[in-house]
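What follows is a short report on a single structure.
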Number of protein chains: 2
Amino acid sequence: MPIKPKIPRPTVKRLSLYLRQLESMTAHEQQTTSSKQLGEALGLTDAQVRKDLAYFGQFGHPGIGYKVGELIAQLRKILGTDRNWNTAVVGAGNIGRALMAYGRFKNKGFEFVAVFDNNPEVVGTVIETHTVRPMKDLATLIKDRHIKLGIVAVPEEAAQQVTDELIEAGVVGILNFAPIRLDVHDAVSVNSVDFSVSLEQLAFQVSLGMTGSLDEDEN
Amino acid sequence: MPIKPKIPRPTVKRLSLYLRQLESMTAHEQQTTSSKQLGEALGLTDAQVRKDLAYFGQFGHPGIGYKVGELIAQLRKILGTDRNWNTAVVGAGNIGRALMAYGRFKNKGFEFVAVFDNNPEVVGTVIETHTVRPMKDLATLIKDRHIKLGIVAVPEEAAQQVTDELIEAGVVGILNFAPIRLDVHDAVSVNSVDFSVSLEQLAFQVSLGMTGSLDEDEN
DNA sequence: CGTTGTGAAATGATTCACAGCT
DNA sequence: AGCTGTGAATCATTTCACAACG
């Protein structure tokens, strides 16, 4: 192992986008691509693409570009999605169901292997082939099924408590949909999706567009 | 109006967080706060908080801090959520329903005034007091109800088409849940929420935590 | 040729540190 | 004494530009 390269945070986000674009390219039988082409498809500069990829190794072929299949394999390895991540969904409301219904996660290395809810009317019902379990089964199921990722899709008031239980049971990564900052210790990773923030950002951009300026869109 | 201050993008995201934290403070009858306190609650430095706010004016009172009610009003004005944004949801699937069910948007300046879907079985049903309309009514309803924001919660294949229709009808901001980059002209703002990217980022962080290092979590 | 990988330069964002107000 | 607002310094990220390679 050479040194620690230090990866910029924005780079990580873009790796996912590269991977998705490349997968769409294989689907179209495309064998090879370039940083220019990849960048154009995603609204980035070619230099940005090359620099991002170069943090992880030398995947390109000068004069040729990148071999699509090869780069896909590399990116999966980098992102950790070459293995399978057993994942639990906590909260069988609309968000929980939306995620479980989105079939493409399976091919992306994420497998939902348990759903929990505390509502007795929901417990026992089946969502996408999975029976909703009561919260009291959480710890044992997380352990038995070697679940490493947890999705917190419960109301704000319950989010921290649920998080604590997940971590206690052995989960090492949390995707949080509740509008609060979750308190976790350093060994656990948290990533939050916050609809209010997203909408307010949008309102700001729009308001601004009517008067001043911010930098580009970039989606 | 003096000059163009140029707002850092990360600042905008944080403004939403400040606003939410302040709202929770008023709910607890708190009259006044400081950049230090605000920062600690959100995992930011006090200097960061002050700098963010100072881009928009001098809202603080030296020696005292910030008056909570006052700052809330200012932030709402800055974000554009002091007015009301009529919003349309396209796609009455789980994500669309999750958003409509999240009651707090109303108090945040976003009002969902129309839902559309192209599935005949769903059209005509009622979601949170709103009858689902067919796609063919989109243009007229957007115009009649002065809808300015659109939420794209449809499958990937339909997302660009839906976006085009929304913009054609007069929408100026789009919140996109489909996993593609939407093509829009400059006068329209787009903000995307991408579950796959969020999950893959999480997997990366976790994988890394097992070996190397990235910078802090920060949720 | 066209395209990568990469130092060096430029731009952007955060933190420091302190003068000045209450 | 306590806290803001802000220039200056630091740190992070992006862009430039070009040598090296197939």
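Both backbone and side-chain heavy atoms feed into the values below; hydrogens, waters and symmetry mates do not. Within every chain, numbering begins at 1; the chains are lettered A, B, ... in the order of the sequence lines, protein sequences first and strands thereafter.
- Not a single donor-acceptor pair under 3.5 Å links the side chain of Ser189(B) to the backbone N or O of Gly173(B).
- Atom-to-atom, NZ of Lys67(A) to P of dT3(C) comes out at 15 Å; the value is rounded to the nearest Å.
- No side-chain donor-acceptor contact under 3.5 Å links Ser198(B) and Asn191(A).
- Contact detail for Phe116(B) and Met135(B): the closest heavy-atom pair is CB-SD, 3.8 Å.
- Atom CD1 of Ile7(A) and atom P of dA12(D) are 13 Å apart (whole Å).
- Closest approach to the Thr45(B) side chain among dT6(C), dT15(C), dT4(C) is made by dT15(C) (side chain taken as heavy atoms from C-beta onward).
- Nucleic acid contact class of Lys51(A) (heavy atoms, under 4.0 Å, all strands): base.
- If you check dA13(C), dT14(D), dT15(C) against the side chain of Pro8(B), the one that comes closest is dA13(C).
- Distances shorter than 4.0 Å separate none of the side-chain N or O atoms of Gln37(B) from OP1 or OP2 on dC3(D).
- Of the listed nucleotides (dT13(D), dC3(D), dT14(C)), dT14(C) has the atom at the smallest distance from the side chain of Tyr55(B).
- At whole-Å resolution of the value, CG in Leu53(B) and P in dT4(D) are 9 Å apart.
- For the residue pair Arg83(A) / Ser207(B), a side-chain donor-acceptor distance below 3.5 Å is found, with atom types taken as modelled.
- The side chain of Arg9(A) has dT13(D) as its nearest neighbour among dT14(C), dT13(D), dT4(C).
- An OP1 or OP2 oxygen of dT15(C) is reached within less than 4.0 angstrom by a side-chain nitrogen or oxygen of Gln48(B).
- In this structure, Arg14(B) reaches the dT14(C) phosphate: one of its side-chain N or O atoms is under 4.0 Å from OP1 or OP2.
- Atom pair Lys13(A):NZ and dT13(D):C1' shows a separation of 15 Å (rounding to whole Å applied).
- For Glu40(A) and dT3(C), the CD to P distance is 11 Å, given to the nearest whole Å.
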Quick test: give all pairs of protein nitrogen or oxygen and nucleotides 20-22 of chain C nitrogen or oxygen below 3.5 Å, distance rounded to 0.1 Å.
from    : atom 1 : to       : atom 2 : distance (Å)
dT22(C) : O4'    : Pro62(B) : O      : 3.0

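- Proximity of Leu53(B) to Leu75(B): side-chain heavy atoms (C-beta onward) are separated by under 4.5 Å at one or more points.
- Checked by atom type and distance alone, the side chain of Gln160(B) pairs as donor or acceptor with a backbone atom of Asp183(B) at under 3.5 Å.
- With rounding to whole Å, Glu70(B) atom CD is found 17 Å from dC3(D) atom P.
- The nucleotide whose nearest atom lies closest to any side-chain atom of Arg50(A) is, among dT14(D), dG5(C), dT14(C), dG5(C).
- For the residue pair Glu111(A) / Asn84(A), a side-chain donor-acceptor distance below 3.5 Å is found, with atom types taken as modelled.
- Computed from coordinates, the Lys36(B) NZ to dG2(D) C1' distance equals 11 Å when rounded to whole Å.
- Summarising the geometry, the separation between CG on Asp46(A) and P on dT3(C) is reported as 10 Å, rounded to the nearest angstrom.
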